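As the structure is a computational prediction, the values presented were derived from the model and not from experiment.
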Amino acid sequence: MKFIKSIYRLTFTLIISMTVNVYAQENDVTLSKYQSHSMLEYYTLNHSNQAWEKDQFYLYFSPQENISGEEFNTMKNEVNDWVNHWKALEQKNNRSITKKLFTKTRQKFLKRYKECSTFSTLLEDGKYDCLSGTLLYAHIFQELGYDYSIHQNNSHVYIIVEDPYLGTTLIESTDVYGYVIGKNNIKKRIEGYEKRLENSLLYSRYGMNLTETLSIKDVAGLQYYNLAVASYRANDLYEAKLSLYKASIITDSPRIEYFNFYLEESNNLVSAMR
């Protein structure tokens with residue numbers, strides 16, 4: 001019923017409104033209205049490829065509950081204005097802007113670290129984690145046309161970007177010193193990430209030692225994985241499993257399967273104790 005109550009408060013942009021007619025025409029609905037927290041999420045997850053091609057921000061903001069059209073446009077415009085600022089600055093310079101971009105973006109957007117934060121909460125009040133922070137930086141580098149890749153291990157996400165002037169550069173969104181250049185420095189930083197296995201629940205439980213390269217779309221989808229973790233910590237197994245299912249619509253990261261198995265075990269344990 002949450003969806004029904006919230007739909008009357010949603011005033012989406014014209015392109016979203018036009019897609020409402022599509023819902024009735026297509027029978028391959030993946031997610032029901034009652035499993036959705038907004039009209040944006042309902043559209044995006046049931047037409048994920050189409051939504052991604054139209055506007056990547058649909059998926060960036062899809063996890064935000066009850067998002068309105070005004071909120072959507074305000075946050076999107078803020079990011080676009082920031083990207084355009086750096087495009088203009090890059091055109092005026094014949095040297096690297098990557099370090100300045102890293103520092104100024106942290107100062108403007110990343111105010112307080114909070115686990116399981118989404119892209120929208122980052123923009124609304126500055127709460128971020130390595131996933132949402134990485135999504136912001138990846139989007140900026142993508143729009144600037146930089147060659148970059150996103151990497152994830154058990155407990156961390158970071159970016160390797162090819163700076164046009166300085167070469168390979170590592171960007172870690174959660175560290176004020178997360179701008180790293182030099183082959184040996186980057187190697188040491190990555191080795192440090194890989195030693196954090198003892199902090200990983202899925203490693204201690206199942207031996208999951210994950211190293212994967214992600215697309216920006218994967219990162220956007222893994223916001224739902226983070227929401228699943230948050231729901232699990234709040235003892236809401238149903239919402240945790242639903243968020244994992246939503247994540248699986250967007251990305252096939254192995255961590256989804258591992259965590260889903262853990263939730264099944266937890267649910268069986270709870271049932272056995274009743």
Side-chain angles (χ1 to χ4, degrees), residues 48 52 56 59-60 62-63 98 102 105-106 109-110 113-122 127-142 146-162 168-180 185-233 240 243-263:
S48 59
W52 184 252
Q56 293 183 0
L59 189 50
Y60 293 171
S62 177
T98 306
F102 168 77
T105 299
R106 276 191 55 86
F109 293 102
L110 311 185
Y113 180 83
K114 188 179 188 324
E115 285 188 331
C116 304
S117 300
T118 62
F119 191 66
S120 53
T121 57
L122 181 158
K127 295 177 183 176
Y128 73 99
D129 63 7
C130 64
L131 193 73
S132 57
T134 295
L135 182 55
L136 176 61
Y137 278 111
H139 179 80
I140 295 172
F141 288 129
Q142 172 188 262
Y146 284 21
D147 181 15
Y148 73 95
S149 55
I150 306 169
H151 302 265
Q152 178 172 235
N153 54 31
N154 276 38
S155 58
H156 209 54
V157 186
Y158 59 94
I159 296 174
I160 297 293
V161 60
E162 295 302 323
T168 304
T169 305
L170 183 147
I171 299 294
E172 180 188 352
S173 63
T174 60
D175 186 354
V176 67
Y177 302 110
Y179 170 86
V180 183
N185 293 332
I186 292 173
K187 181 181 177 181
K188 289 179 181 178
R189 181 63 68 100
I190 294 174
E191 288 174 348
Y193 301 152
E194 294 171 347
K195 290 178 181 178
R196 299 180 183 179
L197 284 173
E198 64 274 8
N199 298 325
S200 170
L201 168 66
L202 298 181
Y203 174 75
S204 61
R205 187 85 174 189
Y206 307 114
M208 184 191 83
N209 188 356
L210 181 66
T211 300
E212 58 180 334
T213 301
L214 304 173
S215 68
I216 191 171
K217 185 179 180 182
D218 290 325
V219 176
L222 284 171
Q223 293 182 94
Y224 282 109
Y225 177 89
N226 275 3
L227 292 180
V229 172
S231 294
Y232 167 73
R233 290 173 177 172
S243 292
L244 275 188
Y245 174 62
K246 292 175 181 178
S248 73
I249 295 172
I250 307 303
T251 176
D252 60 355
S253 172
R255 68 177 56 247
I256 296 173
E257 184 176 354
Y258 274 100
F259 193 47
N260 188 62
F261 187 73
Y262 178 79
L263 292 180

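- Looking at every heavy atom in both residues, I250 comes nearest to S48 through CD1-CB, 3.7 Å.
- Scanning both residues, A240 and L263, for their nearest heavy atoms gives CB-CD1, 3.8 Å.
- Shown here for N226 and S117, the closest heavy-atom pair between the two residues is ND2-O, 4.4 Å.
- Of the N and O atoms on the side chains of T251 and Y224, not one donor lies less than 3.5 Å from an acceptor on the other residue.
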Next on the checklist: Apply side chain to side chain contact (heavy atoms under 4.5 Å, CB included) to residues L222 and Q152 and explain how you reach the verdict.
Outcome noted: CA-CA 11 Å; L222 284 171; Q152 178 172 235; 3.6 Å; yes
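- Of the possible donor and acceptor atoms, one in the side chain of D218 sits under 3.5 Å from a partner among the backbone N and O of S215.
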Item to check | Steps toward side chain to side chain contact (heavy atoms under 4.5 Å, CB included) verdict (Y158, I171) | outcome: CA-CA 6 Å; Y158 59 94; I171 299 294; over 6 Å; no
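- If you look at Y137 and F102, their ring centroids are closer than 6.0 Å.
- Annotation: E257, atom CD; neighbour count of heavy atoms from other residues, nucleotides and ligands within 6.0 Å does not exceed 12.
- Rounded to the nearest 0.5 angstrom, L135 CG and K217 NZ are separated by 13.5 Å.
- Nearest heavy-atom pair, T134 versus V157, reported as atom, atom and distance to 0.1 Å: OG1-O, 3.6 Å.
- E212 approaches S253 most closely through the heavy-atom pair OE2-OG, 2.8 Å.
- Atom OH of Y148 and atom OG1 of T98 lie 14.0 Å apart (nearest 0.5 Å).
- Taking CD from Q56 and CD1 from I216, the interatomic distance works out to 5.5 Å, rounded to the nearest 0.5 Å.
- Of all heavy-atom pairs between A138 and I159, the closest is N-CD1, 3.6 Å.
- Remark: side-chain polar atoms of Q223 are paired, donor with acceptor, to backbone N or O of A220 under 3.5 angstrom.
- Checking side-chain atoms of S62 against main-chain N and O of L59 turns up no donor-acceptor pair under 3.5 Å.
- Between the CD atom in E191 and the NZ atom in K188 there is a gap of 9.0 Å [rounded to 0.5 Å].
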Next on the checklist: Y146 vs T169, test: side chain to side chain contact (heavy atoms under 4.5 Å, CB included). Steps then yes/no.
Outcome noted: CA-CA 11 Å; Y146 284 21; T169 305; over 6 Å; no
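- Tested against L136, the residues Y60, F141, F109 include a single side chain to side chain contact (heavy atoms under 4.5 Å, CB included) partner, F109.
- Heavy-atom contacts from other residues, nucleotides or ligands closer than 6.0 Å to CG of N185 number more than 12.
- A donor-acceptor pair under 3.5 Å links the side-chain atoms of D129 to the main chain of C116, judged by distance alone.
- Legend: residues meeting salt bridge (charged side-chain N to carboxylate O under 4.0 Å, His left out) with E115, ordered by chain and number and at least two apart, are R233.
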Next on the checklist: T168 vs E162, test: side chain to side chain contact (heavy atoms under 4.5 Å, CB included). Steps then yes/no.
Outcome noted: CA-CA 5 Å; T168 304; E162 295 302 323; 3.0 Å; yes
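- I186 is listed as a side-chain neighbour of I160, based on a closest heavy-atom distance under 4.5 Å.
- Here the side chain of S231 pairs no donor or acceptor atom with the backbone of A228 at under 3.5 angstrom.
- Under the 30°/60° scheme for interplanar angles, the aromatic rings of F259 and Y232 are found to stand perpendicular.
- Between the OG atom of S243 and the CD1 atom of I256 there is a distance of 11.0 Å, given to the nearest 0.5 Å.
- Here R106 contributes atom CZ and E172 contributes atom CD; the two are 9.0 Å apart, rounded to the nearest 0.5 Å.
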